[in-house]
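What you are looking at is a predicted structure, and each value in this text was computed from that prediction instead of being measured. Letters A, B, ... mirror the listed sequences (proteins, then strands); counts begin at 1.
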Amino acid sequence: MTTSVYQDHVSATGAHVARKPWPWAKIASIVLLLVCAVIMIAPFLWIMQAAFSDAAAAYVLPPRLFPSEPTLANFQAVFDLVPYGSFILNSLFVATTITIGQLITCSMGAYAFARLEFPGKRILFVVLLATLMIPLQVTIVPQFILMRQAGLYNTHAAIILPALVSPFGIFLLRQYFMTIPTELEDAARIDGAGYFTIFWRIIVPLSAPALTTLGIVCFVYWWNEYFIPLIMINSPELQLLPVGLTLLRGRYSAGAVGNVAAGVTMAVIPVLIIFLFFQRHIIKSIATTGLKG
Amino acid sequence: MVSRLLPQSPLRRKEILAAYLFLLPTLIGSAVFIVGPMFAALGLSVVQWNLLTPPQFAGLANYQKLLSDTRIDDIYLTTFKIALATMAIKLLLGLVLAVLLDQKLHRWLSGFFRLSFFFPYVVSVTAVALMWSFLMNKDLGLVNYLLGQIGIERIPWLNSSAWSPVAVVITDVWKELGFYVIVFLGGLQSIPSEFYDAAQVDGANRWQIFSRVTLPLLSPTILFLSVIGMIGSVQIFAQPQILTDGGPGDATRTIVMYIYEQGFRFFDMGYASTIALSLFVVIFILTLLQFRLSRRWVFYQ
């Protein structure tokens, strides 16, 4: 299976430029890739046909790409059953706020670690990196109690506040800031610019790629987050989309297939559109950093 | 440079002040929401508290409970089995697909493959788990229908203790595979072609090139993926929660689901914290172990 990769190298050796035989290895590998691609895509197609089918036809076998009598009833039902519009708005609000917040706090912190000298710098940086090791499950119980005591349980603040700080984001941005040459800053300093001016006018504009990466990774993570809203939010009208989707199943998971399928479809389509537009950047951002909030 | 000035100089003091102002949000945030709760969890592990009555000091009772809890052994075992299976499959399949993708393909074709492999990774885990819960329905699901076409009997994916962990693994592999493929692909493409040329000159065949050149040069990528993959897989929660709710019995209950159950369904804050701390220790040891073992097989250029 690995053979096809190095074909070009091998054929480049010979003086005999005779016509190459059919590249069987290459064809086989493409067929295999196509099979995998179909396995990745088919579930989405299935859920979409179920979303447009009436209750009796959703599970029809053999599966069809298009329902024989397409209906929008499931989509209507989604909005009748749960506050779906609120889920979307809540998720947008929470993910956007956290992303903007992280970009601000992380770039500020990263600037201090990358460019300024102060007592305790080393130890603070080490402690911050060490917190990356602490699993969320350890801190979530005390956070839950804290939010209850502060009267923030069942509010978006309970999700947003702890997420405004990201040691991972600081580390990511610090690494990038270190690569920016200091000449510009030195020149600005001679002109009398203060630390904030240098940070805001020089470092931030020069760091657009790193900030975009952190922004994308952070937004995707919080748009999809399930565990924390499940714990911190109780009222359906305040719930975020990932947990909201599961509410469509109803008690004892007895909800109609079509309704859940319609809810899932509406959640997936916007992601698909954004993904198609920015796929290069999204894939690169997530692949270089891993998906971490 | 400013930093070389004496500590007493006003410029120096200004820099220190600026640094702490820049760090202020981070310091407050991590103290209140990470470091504080970390110590609070330690404190909670020695109390009994259900949030309704005042907390009571319980000594090591929670730790004793942890050691004598018969459910937790099975739950940890299930978690490790699922984590190991999904990680092994993702690493192996991810590598194979990345190698297949790392060849001259038409731009559209390779773009299409990347897109279709990676897309499930950016979709929310809830949407994915809900989708697969329908696809793996025993009587009406697409998976059993397709298996039926090749003569395989219907598999009770979600309601048998033998198959439900498999269902969790399939769902997780399907969602996360694209990430592994893309990261492996990045690793493959960063290998300089001189290595291949040299191997060719020495008359190595394709398998030898792969096993003696590609794999060793890819070993740091493999280590990176197995470390973050392990940490993530041991904490798997949403897939089993939505697919099977841990069932049947505890067949797919993972350790994070157990923390959730104890803490947020039974409101046993002390015991939930104790289990969470045990998970911390487990993750710490596993990570350490991976780095230790990596000295034997990871090769840095």
When the 4.5 angstrom heavy-atom criterion is applied to B:Ile283 and chain A, the contacting part is side chain

Check your understanding: Got B:Asn144 and B:Asp139 here, is their nearest side-chain heavy-atom distance under 4.5 Å?
Key -> no

- Task: In plain terms, say whether B:Asp245 and B:Arg265 are close enough for a salt bridge, that is, a side-chain N and a carboxylate O under 4.0 Å apart.
- Result: yes

Q. Do B:Phe113 and B:Val181 come close enough that some side-chain heavy atom pair is under 4.5 Å?
A. no

Okay, B:Leu44 and chain A: the region with an atom under 4.5 Å from a heavy atom over there is side chain

Counting heavy-atom pairs under 4.5 Å with chain A, the top scorer among B:Leu115, B:Ile182, B:Leu277 is B:Leu115

Turns out that what part of A:Leu241 lies under 4.5 Å from chain B's heavy atoms comes down to neither

Bottom line for B:Ile259: the part with an atom under 4.5 Å from chain A's heavy atoms is side chain

Q. Taking the side chain as C-beta and beyond, is there a heavy-atom pair between A:Leu240 and A:Ile159 under 4.5 Å?
A. yes

Applying a strict 4.5 Å limit to non-hydrogen atoms, the region of B:Phe119 in contact with chain A is both

When the 4.5 angstrom heavy-atom criterion is applied to A:Leu34 and chain B, the contacting part is both

Bottom line for A:Ala267: the part with an atom under 4.5 Å from chain B's heavy atoms is neither

Whatever's closer than 4.5 Å to a heavy atom in chain B on A:Leu128 counts as side chain

query: Does A:Lys121 NZ have over 12 foreign heavy atoms under 6.0 Å away?
result: yes

Cut-off 4.5 Å, heavy atoms of chain B, and the answer for A:Leu33 is both

Ranked by heavy-atom pairs below 4.5 Å to chain B, first place among A:Gly194, A:Pro135, A:Ala112 goes to A:Pro135

Exercise for the section: Kindly state whether the ring of A:Phe144 and the ring of A:Tyr153 have centres lying under 6.0 angstrom apart. Expected result: yes

If one checks every heavy atom of B:Val32 against chain A at 4.5 Å, the contacting part turns out to be both

Whatever's closer than 4.5 Å to a heavy atom in chain B on A:Ile30 counts as both

The interface call for B:Phe117 against chain A, heavy-atom contacts under 4.5 Å, is both

Under 4.5 Å to a heavy atom of chain B? For A:Gln149 that would be side chain

Applying a strict 4.5 Å limit to non-hydrogen atoms, the region of B:Phe267 in contact with chain A is side chain

Whatever's closer than 4.5 Å to a heavy atom in chain B on A:Ile145 counts as side chain

Cut-off 4.5 Å, heavy atoms of chain A, and the answer for B:Phe112 is side chain

Applying a strict 4.5 Å limit to non-hydrogen atoms, the region of B:Tyr180 in contact with chain A is neither

Applying a strict 4.5 Å limit to non-hydrogen atoms, the region of B:Asn137 in contact with chain A is side chain

Honestly, the part of A:Pro119 sitting under 4.5 Å from a heavy atom of chain B is both

Applying a strict 4.5 Å limit to non-hydrogen atoms, the region of B:Leu24 in contact with chain A is neither

Item to complete: Determine whether B:Leu142 and B:Phe134 make a side-chain contact, defined as any pair of heavy atoms from C-beta on separated by less than 4.5 Å.
Response: no

Among A:Gly109, A:Gly120, A:Gly101, A:Ser107, the residue with the most heavy-atom pairs under 4.5 Å to chain B is A:Gly109

Turns out that what part of A:Arg115 lies under 4.5 Å from chain B's heavy atoms comes down to backbone

Honestly, the part of B:Leu42 sitting under 4.5 Å from a heavy atom of chain A is neither

When the 4.5 angstrom heavy-atom criterion is applied to B:Phe280 and chain A, the contacting part is both

When the 4.5 angstrom heavy-atom criterion is applied to B:Leu130 and chain A, the contacting part is side chain

Answer key: most heavy-atom pairs under 4.5 Å with chain B among A:Ile104, A:Ile282, A:Leu230 is A:Leu230

If one checks every heavy atom of A:Gln279 against chain B at 4.5 Å, the contacting part turns out to be side chain

Checking heavy-atom separations under 4.5 Å from chain B, one finds in residues 42-51 of chain A A:Pro43, A:Phe44, A:Trp46, A:Ile47

